[in-house]
A.B. asks: 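Can you keep this structure in mind? I'll have questions shortly.
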Amino acid sequence: MNLDQINPILLIASLMVAATPILLAAIGEAVVEKAGVLNLGVEGMMITGAVVGFAIGVNSGSPVLGFVAAAIAGAALSMLFGFLVLYLLSNQVATGLGLTLFGLGLSSLIGKPYEGMKVPTLAKWDIPLLSDIPVLGPILFNHDPMVYVSLGLVAVVWYVQKSTRAGLILRAVGENHDAAHALGYKVIRVRLMAIAFGGACAGLGGAYVSLVRVPQWVEGMTAGAGWIALAIVVFASWRPWRVLLGAYLFGGITVLQLNLQAAGVAIPVEYLSMSPYIITILVLVVISTRGKHGAPGSLGRIFHASH
Amino acid sequence: MIRLEKRPSPSRFWAGITPILAVIATMIVGGVMFWFLGKDPLEAIRTIFWDPLFHETFGPYSRPQLLVKAAPLILIAIGLSLGFRAGIWNIGAEGQYIVGAICGAGMGLAFYPTESVLIFPAMVLAGAFGGWAWAMIPGILKTKFGTNEILVSLMLVYVAESWLASVSQGLLRNPDGMGFPGSRNFKDFPAAHNAEIFANSGMHWGVVTAFIAVIFAYVLLSRHMLGFQVRLTGEAPRAARFAGVNPTRLVLFCLGISGALAGMAGMFEATGPASQISIDFNSGYGFTAIIVAFLGRLNPIGILLAGLLMALTYIGGELAQLMLGLPAAAIQMFQGMLLFFLLAMDVLSNYRIRLTRKEATT
């Protein structure tokens, strides 16, 4: 065992990379749930984003195009969910699960020819001057652009929800869809847009795994990241900055256990690799002991306007 | 303009016919998908749905496999359907299946090489206990702290998978296996082997248990107070509260029974068809069973039929892989598609579709 190998600066820097896919997916899902829809298909949309992003990245040679395609793929898949849930009034839990199962199948079908291939990955931005600051420089200012995109998204979501009319409507629809409908807001349209946003974010998150974090295509490579994103939304009490906190906390645990594995700690590898999931459960328990904590009022309920 | 009008109660006719419509729709869209993959759609559909049963060379091999594959699906889906009816979402059956298999197989291996008729029943109990205990984690967390059972049960699947990797390389590894991962082969340990009851019939104890579970669930739902409470909670939660249904008891019952059934399914699989505990002996039955439960309309008899149909797609999928070079993942997508179509068509049983002229006042 050699704990000296673990460099705290590199640890924090890689924490941000490890947390980015979950952060992207979770911030998207937070918006969806704020609109009152529970989409359990995050994992399916992520893995589809991962494979589509990888395939387009390989074929076009451009990771940026890969990310764009992944976002479109995620949004397209989420529209399938949106159509079923909003127009055909199907059960949200069951439909979301179906989306995950479907996405897992679809992704391994698309991904088969791409196994073992290499993909051009995003270059790191070495922000001049700022990245030369000792300690903070390598931690904060030496990442690929998607890390900053994800942080920017959190800020945008926070601002839109807090200070704009669109955010107010989104929250109204999520809190009480009947009242929002009576006020004349287009509940279905708002929700459809939120679901598409969530799908695009999940797709980006998945593509980050296959294009930057790994970067390779392996079947089932998101390994439950979508489910963890869902847990983080609950942990965050549906608040954007807390989503960031939750994702980074989780990223920290993941990176730490990987580092401990590499350092050869006396704990078996399998127990280390189950630790992020166990800690997620523990966090969920701690959060839920505080009782109801800002879950949108109409979350998971079917909206059917009789008039 | 199309308008949906809620039916006072779901239409029995449509509820019965939608699974069949969903299967047909899946076949059509699946056929188109196979066509895109460069296969003859009719041949692909025939290979998946017809050949496993009636082909002269494959039939005799495939027909027993139907029972082997359907048994775990039915066992797990029966348990899940009770919870789903009451709005209790156990998504982690795969984890309970794995833990049941580890406990059941571990119980048997502990007695190796003793020959006693008591070993196998003890293993069944241990398997059921393992699955039950694993399902009690989300159960107790939900009833004590109000933690979301969907997320907890799902997280526990990943924990169980890691644990499986650990025991198949450590605790349960075959001491005579020259260091290879995986437990002893149960075929070499007759007292603990879940062998076929009649040779080449596919009928093993798991199949028998699955049939018993179907009957048990049927009686429970139609004749027993607890079954009534399950149905009441799902259909009218407020009424259930006034009628004095104890939600804590119901959550623990539904999660417990589905965990125990999934655990038994895992134990039967590991000691029978898979015949050893290995890193990847589990093959996603816990997730496919969710589709089976819905396809069977959460009804025990429906689940029996749905389980057989889903088993057929597994076997047919393998056959199509062999004969037509169809990718394995295509069948997984096919199953996901089936669930989608089914959920989409549910609208027909819950709502009446009215065609109205476009009015200004809507």
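Computed over heavy atoms, backbone and side chain alike; hydrogens, waters and symmetry mates excluded. Order of the sequence lines fixes the chain letters, A, B, ..., with proteins taken first and strands second; residue numbering starts at 1 for each chain.
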A.B. asks: Kindly compute the distance separating CD (Gln257(A)) from OG (Ser275(A)), expressed to the nearest 0.5 Å.
C.D. replies: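 Going from CD on Gln257(A) over to OG on Ser275(A), the span is 4.5 Å.
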
A.B. asks: Counting heavy-atom pairs under 4.5 Å with chain A, which one of Tyr351(B), Phe294(B), Phe84(B), Phe287(B) comes out on top?
C.D. replies: Tyr351(B)

A.B. asks: Which region of Thr280(A), side chain (C-beta onward) or backbone (N, CA, C, O), has a non-hydrogen atom less than 4.5 Å from a non-hydrogen atom of chain B, or is it both or neither?
C.D. replies: side chain

A.B. asks: Look at the side chain of Ser107(A) and the backbone N and O of Ile47(A), then say whether any donor-acceptor pair between them is shorter than 3.5 Å.
C.D. replies: no

A.B. asks: Supply the atom-to-atom distance Ile140(B) CD1 to Glu149(B) CD, rounded to the nearest 0.5 angstrom.
C.D. replies: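 One gets 14.0 Å once the value is rounded to the nearest 0.5 Å.
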
A.B. asks: Among the options Ile278(A), Leu230(A), Leu99(A), Leu80(A), pick out the one with the most heavy-atom pairs lying under 4.5 Å from chain B.
C.D. replies: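 Winner by heavy-atom pair count: Leu99(A).
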
A.B. asks: Indicate yes or no for a side-chain donor-acceptor contact from Thr289(A) to the backbone of Phe145(B) under 3.5 Å, with no hydrogens or angles considered.
C.D. replies: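 Not at all, since once roles are kept as given, no pair shorter than 3.5 Å links the two residues.
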
A.B. asks: Out of Leu89(A), Leu284(A), Val85(A), which one racks up the most heavy-atom pairs below 4.5 Å with chain B?
C.D. replies: Leu89(A)

A.B. asks: Measuring heavy-atom distances to chain A, does Ile291(B) have an atom under 4.5 Å in its side chain, in its backbone, in both, or in neither?
C.D. replies: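 Just the side chain, heavy atoms under 4.5 Å.
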
A.B. asks: With distance as the sole test, does Ser258(B) use its side chain to make a donor-acceptor pair with the main-chain N or O of Leu80(B) at under 3.5 Å?
C.D. replies: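 Between the backbone of Leu80(B) and the side chain of Ser258(B) there is no qualifying donor-acceptor contact (under 3.5 Å).
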
A.B. asks: Under a 4.5 Å heavy-atom cut-off, does chain B meet the side chain of Tyr271(A), its backbone, both or neither?
C.D. replies: side chain

A.B. asks: Using non-hydrogen atoms and a 4.5 Å limit, figure out which bit of Val285(A) sits close to chain B: side chain, backbone, both or neither.
C.D. replies: both

A.B. asks: Need one label for Ile91(B): side chain, backbone, both or neither, based on atoms under 4.5 Å from any heavy atom in chain A.
C.D. replies: side chain

A.B. asks: Examine whether an atom of Leu84(A) lies under 4.5 Å from a heavy atom of chain B, and if so say whether it belongs to the side chain, the backbone or both; otherwise answer neither.
C.D. replies: side chain

A.B. asks: Looking at chain B, which one of Gly103(A), Ser108(A), Pro276(A), Gly44(A) has the largest number of heavy-atom pairs inside 4.5 Å, strictly under?
C.D. replies: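 Most pairs with chain B among the choices: Ser108(A).
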
A.B. asks: Out of Leu339(B), Leu141(B), Leu154(B), return the one with the most heavy atom pairs under 4.5 angstrom to chain A.
C.D. replies: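 Top option by heavy-atom pairs under 4.5 Å: Leu154(B).
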
A.B. asks: Per the side-chain contact (heavy atoms from CB on, under 4.5 Å) rule, which among Met337(B), Gln335(B), Met33(B) passes with Thr26(B)?
C.D. replies: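 For Thr26(B), the side-chain contact (heavy atoms from CB on, under 4.5 Å) test succeeds with only one of Met337(B), Gln335(B), Met33(B), which is Met337(B).
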
A.B. asks: Sort Leu104(A) into side chain, backbone, both or neither according to what part of it lies under 4.5 angstrom from a heavy atom of chain B.
C.D. replies: both

A.B. asks: Donor-acceptor pair, distance only, cut-off 3.5 Å: does the side chain of Gln96(B) make one with the backbone of Ala262(B)?
C.D. replies: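 Checked: no pair found.
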
A.B. asks: Counting only heavy atoms closer than 4.5 Å, note whether Gln169(B) contacts chain A via side chain, backbone, both or neither.
C.D. replies: side chain

A.B. asks: By a 4.5 Å heavy-atom criterion (distance strictly below it), what part of Ile290(B) contacts chain A: side chain, backbone, both, or neither?
C.D. replies: side chain

A.B. asks: Does the Thr100(A) side chain pair with the main chain of Leu40(A), one donor and one acceptor, at a distance under 3.5 Å?
C.D. replies: yes

A.B. asks: Ring centres under 6.0 Å, that's the criterion: do Phe34(B) and Phe334(B) meet it?
C.D. replies: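 Between Phe34(B) and Phe334(B), the centre distance is under 6.0 Å.
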
A.B. asks: Could you look at Ile331(B) and say if it's the side chain, the backbone, both or neither that has a heavy atom under 4.5 Å from chain A?
C.D. replies: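 For Ile331(B), there is no contact with chain A at all, as no heavy atom is under 4.5 Å.
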
A.B. asks: Who wins among Met345(B), Lys144(B), Met155(B), Gln332(B) for the most heavy-atom pairs under 4.5 Å with chain A?
C.D. replies: Met155(B)

A.B. asks: Do Arg85(B) side-chain atoms and Leu298(B) backbone N/O form a donor-acceptor pair below 3.5 Å?
C.D. replies: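 Yes, because the side chain of Arg85(B) sits within donor-acceptor range (under 3.5 Å) of the backbone of Leu298(B).
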
A.B. asks: For chain B, which of Asn91(A), Leu106(A), Val93(A), Ile110(A) has the most heavy-atom pairs under 4.5 Å?
C.D. replies: Val93(A)

A.B. asks: Do Tyr314(B) and Tyr285(B) have ring centres separated by under 6.0 Å?
C.D. replies: yes

